[in-house]
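Below, chain A is the first sequence line, B the second, and so on; all start at residue 1.
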Protein chains: 2
Amino acid sequence: MSARTGNLDQQDFIRAGTQFVDEHGLQALTMRALGEKLGVDATACYRHFTSKDELLSAMVDAMLAAALDSIESPPASPRDGLIEHVRAVRRAFLKHPHLAATLVTSTGDLPSVRRLTLNGIELLRLMVLEGDELVRCYQMIESYTMGSCVFDMSGTPDNMEIRRLRYRSLGVKEFTDVARTMKGVSSMTEAAFEAGIDAIIDSFSPR
Amino acid sequence: MSARTGNLDQQDFIRAGTQFVDEHGLQALTMRALGEKLGVDATACYRHFTSKDELLSAMVDAMLAAALDSIESPPASPRDGLIEHVRAVRRAFLKHPHLAATLVTSTGDLPSVRRLTLNGIELLRLMVLEGDELVRCYQMIESYTMGSCVFDMSGTPDNMEIRRLRYRSLGVKEFTDVARTMKGVSSMTEAAFEAGIDAIIDSFSPR
DNA sequence: ACCTGAACACCGTTCAAGT
DNA sequence: ACCTGAACACCGTTCAAGT
């Protein structure tokens with residue numbers, strides 16, 4: 001972090017923590033390493049967060065809040081609105097893949113997730129959903145989106161390399177072809193994600 | 001673990017580790033605690049596994065291998081075969097929810113996942129899929145299934161309680177109704193998962 | 001009000017030594 | 001061949017003390 005102008009605040013730790021994780025991975029983020037990066041003692045963070053878990057939650061929250069802000073509104077249609085929300089979350093995790101595992105580990109409910117949920121409900125209402133179906137369709141989209149992101153990104157980049165090696169070891173021509181390059185595997189994964197969200201939305205709101 | 005009859009083997013550690021995690025959660029599983037449960041020194045595990053990560057991977061592998069063995073074959077149709085595979089994985093994670101986070105953390109490719117993949121490909125081939133579409137549809141199902149399981153189960157039971165509180169805090173009648181009981185939230189989550197896998201399979205193989 | 005730095009109670013893991 | 005137990009190099013976190 002560049003020029004230290006006196007005391008730090010929560011935002012400084014969130015920014016530095018996110019940048020550190022992007023560069024060195026989640027496992028490398030220790031309070032001591034973060035302190036060193038900020039030119040501060042390892043325990044300085046505890047002035048602003050009660051625990052490491054809370055810092056990590058705040059980092060994820062900031063990431064998703066930025067994703068929300070990147071969504072242009074209003075959407076052309078409720079369907080487009082939903083897909084844009086889902087894609088914004090996906091983009092956020094692609095940008096900060098090492099935070100994927102954190103979503104699963106960290107406890108606490110995040111304001112940004114609340115906003116995402118409320119936006120989602122509003123869009124589903126415009127598709128004339130109500131009652132239990134409204135809740136079920138919302139949760140289906142949330143579990144698909146968050147789940148796929150966590151599963152596809154976590155352990156980056158080892159995770160993708162493992163997937164590629166598995167593809168190659170199957171002895172199935174179609175998979176061997178895709179697995180010739182890392183790019184092949186990752187673009188296939190993104191295409192699968194897109195196809196999945198289309199399938200899910202189609203199931204309750206046919207085009 | 002009951003009667004110690006001499007030396008332990010890999011299976012003993014896998015069994016004890018899984019049982020311990022089921023009872024006390026993933027965070028409580030330390031090498032020292034596991035050793036104590038088995039009436040053995042904390043470092044005894046290193047005779048059978050090179051690291052804690054490898055033990056955890058073996059635990060997940062054993063869980064998924066058991067899931068595979070629980071599948072009756074042959075299926076009534078390729079579609080039924082796919083759904084049975086997906087449900088078997090879901091059941092495994094419902095039984096051992098604390099292992100969900102491990103799938104995401106652990107590195108290494110598991111024999112059981114390889115078998116699941118090969119079975120899935122065979123079933124998709126019976127649905128006349130080929131080329132890139134075969135790979136994409138397989139990966140769509142894998143990411144959905146594994147991802148949703150990880151997202152829905154991890155952090156159990158705190159995770160579900162947080163979801164319930166979020167439902168209640170939205171001020172949306174439909175969600176408040178579902179969130180009256182934990183059972184309401186969890187059965188809604190399972191219904192959403194079922195609807196999702198139906199939607200995904202329908203998208204490339206209409207009923 | 002914020003940071004320091006020593007200290008505490010843990011971790012996973014290594015390795016010489018036991019049997 | 002398998003286990004022990006001391007030891008190492010770390011963790012997250014607390015708390016009295018500084019400024």
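We find that CE of B:M31 is positioned 19 Å from P of D:dC10, with the value rounded to whole Å. Rounding to whole angstrom units, CG of residue A:N7 and C1' of C:dC2 are separated by 5 Å. Remark: P of C:dC10 and CD of B:Q27 are 14 Å apart, rounded to the nearest angstrom. Between A:Y46 atom OH and C:dA7 atom P the separation is 19 Å, expressed in whole Å. For the pair A:E54 CD and D:dG12 C1', the computed distance is 14 Å after rounding to whole Å. Note: CG (B:L38) to P (D:dT4) measures 10 Å, nearest angstrom. Here the P atom of nucleotide C:dA1 and the CG atom of A:D12 are 19 Å apart, to the nearest Å. At whole-Å resolution of the value, NE2 in B:H48 and P in D:dT4 are 11 Å apart.
Comparing atom distances between the A:D41 side chain and each of C:dG12, C:dG5, D:dG12 picks out C:dG5 as nearest. Nearest to the side-chain atoms of A:L8 among the listed nucleotides C:dC11, C:dC3, D:dG12 stands C:dC3.
At the heavy-atom level, A:T43 lies under 4.0 Å from base atoms of the strands shown. Contacts of B:L29 with the nucleic acid, taken as non-hydrogen atoms under 4.0 Å apart, involve only primed sugar atoms and P, OP1 or OP2.
For the side chain to side chain donor-acceptor pair (under 3.5 Å) with B:D22, the qualifying choice from B:H96, B:H98, B:K95 is B:H96, the only one to do so.
Salt-bridge annotation for B:D9 and B:R15: absent, with no side-chain N of the basic residue lying under 4.0 Å from a carboxylate O of the acidic one.
Across all strands shown, C:dG18 forms a Watson-Crick or G-U wobble pair with D:dC2, both key distances being under 3.5 Å. When Watson-Crick and G-U wobble pairs are counted only if both distances are under 3.5 Å, C:dC8 pairs with D:dG12.
Where A:T50 and B:A42 meet DNA chain D, the nucleotide closest to each residue was compared, and B:A42 sits on the side nearer the 5' end. When the nearest nucleotides of DNA chain C are assigned to A:A44 and A:R32 by heavy-atom distance, the more 5′-ward of the two goes with A:A44.
Side-chain N or O atoms of A:S70 include one that pairs as donor or acceptor with a backbone N or O of A:A67 at under 3.5 Å.
For A:F151 and B:Y144, the distance between ring centers is not under 6.0 angstrom.
Cation-pi contact between A:R168 and A:F175: absent, since separation from the ring centre below 6.0 Å together with deviation from the ring axis within 45° is not met.
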